[in-house]
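Here is how names work: the chains are called A, B, and so on, in the same order as the sequence lines, proteins then strands, and each is numbered from 1. This one's a predicted model, so the numbers in the text were calculated from it and none came from an experiment.
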Amino acid sequence: MISVRLPDGSIRQFEQAVTVADVAASIGAGLARAALAGRVDGVLVDTSYLISKDVDLGIVTDKDQDGLEVIRHSTAHLLAYAVKTLYPEAQVTIGPVIENGFYYDFAYKRPFTPEDLQAIEQKMQQLAKQDVPVTQRVVSRDEAVAFFAGLGEKYKAELIEAIPSADDIKLYTEGEFTDLCRGPHVPSTGKLKHFKLMKVAGAYWRGDSNNEMLQRIYGTAWAKKEDLDAYLFRLEEAEKRDHRRLAKQMDLFHLQDEAPGMVFWHPKGWSLWQNVEQYMRKRLSAAGYKEIRTPQIMDRTLWEQSGHWQNYRENMFTTDSEKRDYAIKPMNCPGHVQVFNQGLRSYRDLPLRYAEFGACHRNEPSGSLHGIMRVRGFVQDDAHIFCMESQVIEEARAFNLLAMSVYKDFGFTDVAIKLSLRPPKRAGSDEVWDKAEEGLREALRACDLEWEELPGEGAFYGPKIEYHIKDAIGRSWQCGTLQLDFVLPERLKAEFVAEDNSRQRPVMLHRAIVGSLERFLGILIEQHAGSFPFWLAPVQAMVLNITDRQGEYATEVAHRLQEQGFSVDTDLRNEKITYKIREHSMQRVPYLLVVGDKEMEAGVVAVRNRKGEDLGQLSIDELVNRFKTDIADRS
RNA sequence: GCCCAUGUAGCUCAGCGGUAGAGCACUCCCUUGGUAAGGGAGAGGUCACGAGUUCAAUUCUCGUCAUGGGCUCCA
């Protein structure tokens, strides 16, 4: 007898070994139809899995998160099946599940066109409708290699060869198509209903840019039609928030061919920028940072000394003059060490915190540029803390508090922490790296934070803590960073006089909170979909007159608000009030102040907020109070 | 840097082997209208750049640049 315990605790007994599908059928016909896979003692298996001993069993359906994964994974296989049917010469490689869907990489003699994509999707639909059974068999590794090599599938054979020869390998077959896979898969293609192919893109074989480029087809798949529709709708909504699109609509900035990756800021965009920069400046100043300014261009020898020339030469903009080579600074840190090195420092001066909103330039590969999210010319809220080792943890703790508080002010509350550890290409001894990595772990523990560790992702001079913030539509952005560096102070010969009168190296903490201002503004634009909170809005209020008669009064109202430090414009054009309201509503101005004869006589304004609500008539003083409250609330 | 797609008026986009079109925006005129588009007229383009094919190229081909989507990279 075999006992199968179900998630509700009930136990079913069977005379002999049964499959997951059999158990589902014994419970009900509906469940048998819905079964996509099984969970046997916590392990996902196919519905054809034979249960031959007592187990805990859950039937996985599309209501299950695991069920959705199975659907996506099986849809990737269906994609490969369709491609092999239409283009038998195409070679299959890998097809994993990703967020919201899946992809599959193929090698083919010519690129897939958008028309091919349509044909492939149609073929997938057709194969799904035919409800082709998906069967599984286990073979030895050598058999599997021979099988795929025989088919001329060299990528697949290469993948399998990497598996230990003693291991068994699962092959899944649907119709004419057989693929290597650890599974599980849906029992037949008819379970796959709600999918869509999204795009074709190039992708390197095994993710290595030295390898040939394959063609990746991305797709999305869902359990229900409503889920698919909702996902496509979300994509459309995200597109409406696109910072490039909003920047055009709201006249914030532009990019042009002559300056790839470098931003032309328009008045309103720059106003937004200044709101962020001035805010950061205040926060840094209050936290004991001193702002400095260092040169844009410095001699090659300095960059050789710092190690940047050796590590990043091809990504640095350089220039020369009178037989000297120069580099345009890609980072502020070497400059900051030069300031530190002026004069003799005492341990009493430490920690010394230098901040700079310095414009840096990095010659990023052309293909990686992206709006203002990835640029070649950028400014960070950059600072370097020179301190003693004994001060690192306290500095890290203070930085963490500051960073979290800044994120909160900008409306970001979901922040994930990651710790990037030593990369293969690095400066400094292993001993120093051990010390630096452990130092940051200790700092994180002191902040009572949870973090994820990323081996190999650190900077060449030191490990780093990264702050990833999640935006309004669930995307994650790395903004803040705290990097512990024993290497640059050594290379650039920073030193201070210790208590015992010896000369010692300071430790350097590289840190930023919002990171690249360009990118952070892009994030803010998308986070708020252009409807910036009052304290950040480039134009906080517009005064609109109803007829020419109130033009002078409208100007006076604007002046009085401007005197109080608010960014207020007037729209005195000869247009109907409905027209002006529409236009400035679309510009997402927080407050529209309408003045007609009534308001002019009473010395007030009629206030309309961005939601379209009528806030009634307010005096200028009342309005100023309201504005001040909004600023204090950061709403 | 690599793969694919795209580049037409300020913006969004049609179009096409015979040297260009719409809507919005802009300018002028009429209209002075009370909470999301009043009416009329006008101006505006070396069709990204360079070369080739052709009697003729914005249109076809190739190259360059840029942008977009990915991959790689991101001190």
Would A:Arg313 and A:Trp309 count as a cation-pi pair here, with the cationic atom under 6.0 angstrom from the ring centre and within 45° of the axis?
yes
Quiz question: going by heavy-atom distance under 3.5 Å, is there a donor-acceptor pair between the base of B:rU35 and the side chain of A:Asp614?
no
Using atom P of each nucleotide, how far apart are B:rA9 and B:rC47 to the nearest Å?
10 Å
If you measure from the Lys or Arg side-chain nitrogens to the Asp or Glu carboxylate oxygens, is any gap between A:Asp116 and A:Arg110 under 4.0 Å?
yes
Under 4.0 angstrom, heavy atoms only, what part of the nucleic acid is A:Met586 near: base, sugar-phosphate, or nothing?
base
To the nearest angstrom, how far is A:Leu593 atom CG from B:rU35 atom P?
16 Å
Apply side-chain hydrogen bond (donor to acceptor under 3.5 Å, both in side chains) to A:Tyr218 and list each qualifying residue two or more places apart in sequence or on a separate chain.
A:Arg216
Mind checking salt bridge (charged side-chain N to carboxylate O under 4.0 Å, His left out) for A:Asp299 and listing every partner two or more places apart, or none if nothing turns up?
A:Arg324
Heavy-atom contacts, protein to nucleotides 69-75 of chain B, under 4.0 Å, summarised as B (base), S (sugar-phosphate only) or - (none) per nt, yield BBBBBBB
Any base atoms under 4.0 Å from A:Asp597, or only sugar-phosphate, or nothing? Heavy atoms, all strands.
base
Distance, C1' atom - from B:rC11 to B:rG17, rounded to whole angstrom:
30 Å
So does A:Lys435 pair up with A:Glu431, basic N to acidic O under 4.0 Å?
no
Rounded to whole Å, how long is the line connecting atom CZ of A:Phe253 with atom C1' of B:rU67?
13 Å
With the threshold set at 4.0 Å, does a side-chain nitrogen-carboxylate oxygen contact exist between A:Glu438 and A:Arg441?
yes
Output yes when A:Arg505 and A:Glu490 qualify as a salt bridge under the 4.0 Å nitrogen-oxygen rule, no when they do not.
yes
For A:Ser366, answer base if it contacts any base atom (sugar-phosphate contacts may also be present), sugar-phosphate if it contacts only those atoms, and nothing otherwise; contact means non-hydrogen atoms under 4.0 Å.
base
For atom CD of A:Gln617 and atom P of B:rG34, their distance in whole Å:
15 Å
Counting the atoms with a prime plus P, OP1 and OP2 as sugar-phosphate, which does A:Asp548 contact under 4.0 Å by heavy atoms, base, sugar-phosphate, or nothing?
base
Rounded to whole angstrom, note down the C1' distance from B:rC55 over to B:rA14.
29 Å
Distance check, C1' atoms only: B:rC13 and B:rC74, in whole angstrom units.
35 Å
Pairwise C1' distance for B:rU8 and B:rU19, with rounding to whole Å
14 Å
With a 4.0 Å cut-off on heavy atoms, is A:Lys580 in touch with a base, just the backbone sugar-phosphate, or nothing at all?
nothing
Output yes when A:Arg422 and A:Asp434 qualify as a salt bridge under the 4.0 Å nitrogen-oxygen rule, no when they do not.
yes
If I take atom CG in residue A:Leu117 and atom P in nucleotide B:rC4, what distance separates them, rounded to the nearest angstrom?
15 Å
Distance between the C1' atoms of B:rG45 and B:rC62, in whole angstroms?
26 Å
The salt bridge (charged side-chain N to carboxylate O under 4.0 Å, His left out) partners of A:Glu121 (sequence neighbours excluded) come to none
Once you round it to whole Å, what is the distance between P of B:rC4 and CZ of A:Phe106?
17 Å
Rounded to the nearest Å, what distance is computed from the CG atom of residue A:Asp105 to the C1' atom of nucleotide B:rC3?
12 Å
A:Phe566: partners by ring-ring contact (aromatic ring centres under 6.0 Å, His included), with sequence neighbours left out
A:Phe627
Does B:rC11 have its OP1 or OP2 closer than 4.0 Å to a side-chain nitrogen or oxygen of A:Arg245?
no
For A:Ile577, report the nucleic acid contact type (base, sugar-phosphate, nothing); a contact means any heavy atom under 4.0 Å.
sugar-phosphate
Could you check whether any side-chain N or O of A:Asp381 sits under 3.5 Å from a backbone N or O of A:Gly515, counting only pairs where one atom can act as donor and the other as acceptor?
yes
Check this for me, if you would: do A:Arg475 and A:Glu526 make a salt bridge, where the nitrogen-to-carboxylate-oxygen distance has to be below 4.0 angstrom?
yes
Spacing of the P atoms in B:rC28 and B:rA43 (rounded, Å)
15 Å
Result for 5'-nearest mapping on RNA chain B, choosing between A:Pro114 and A:Gln550, is A:Pro114
What integer distance in Å separates A:His266:NE2 from B:rG10:P?
14 Å
Watson-Crick and G-U pairing of RNA chain B written in dot-bracket, each distance under 3.5 angstrom, with | for inter-strand partners
(((((((..((((....[..)))).(((((.......))))).....(((((..]....))))))))))))....
State whether A:Thr578 places a side-chain N or O below 4.0 Å from either non-bridging phosphate oxygen (OP1 or OP2) of B:rG38.
yes
Roughly how many Å is it from OH in A:Tyr579 to P in B:rG39, rounded to a whole number?
11 Å
Looking for any heavy atom pair under 4.0 Å, which part of the strands does A:Arg110 touch: base, sugar-phosphate only, or nothing?
nothing
Tell me if the side-chain of A:Glu599 makes a donor-acceptor pair with the base of B:rG34, cut-off 3.5 Å, by modelled atom types.
yes
Could you measure between the two P atoms, the one in B:rA20 and the one in B:rC3, and give it in whole Å?
36 Å
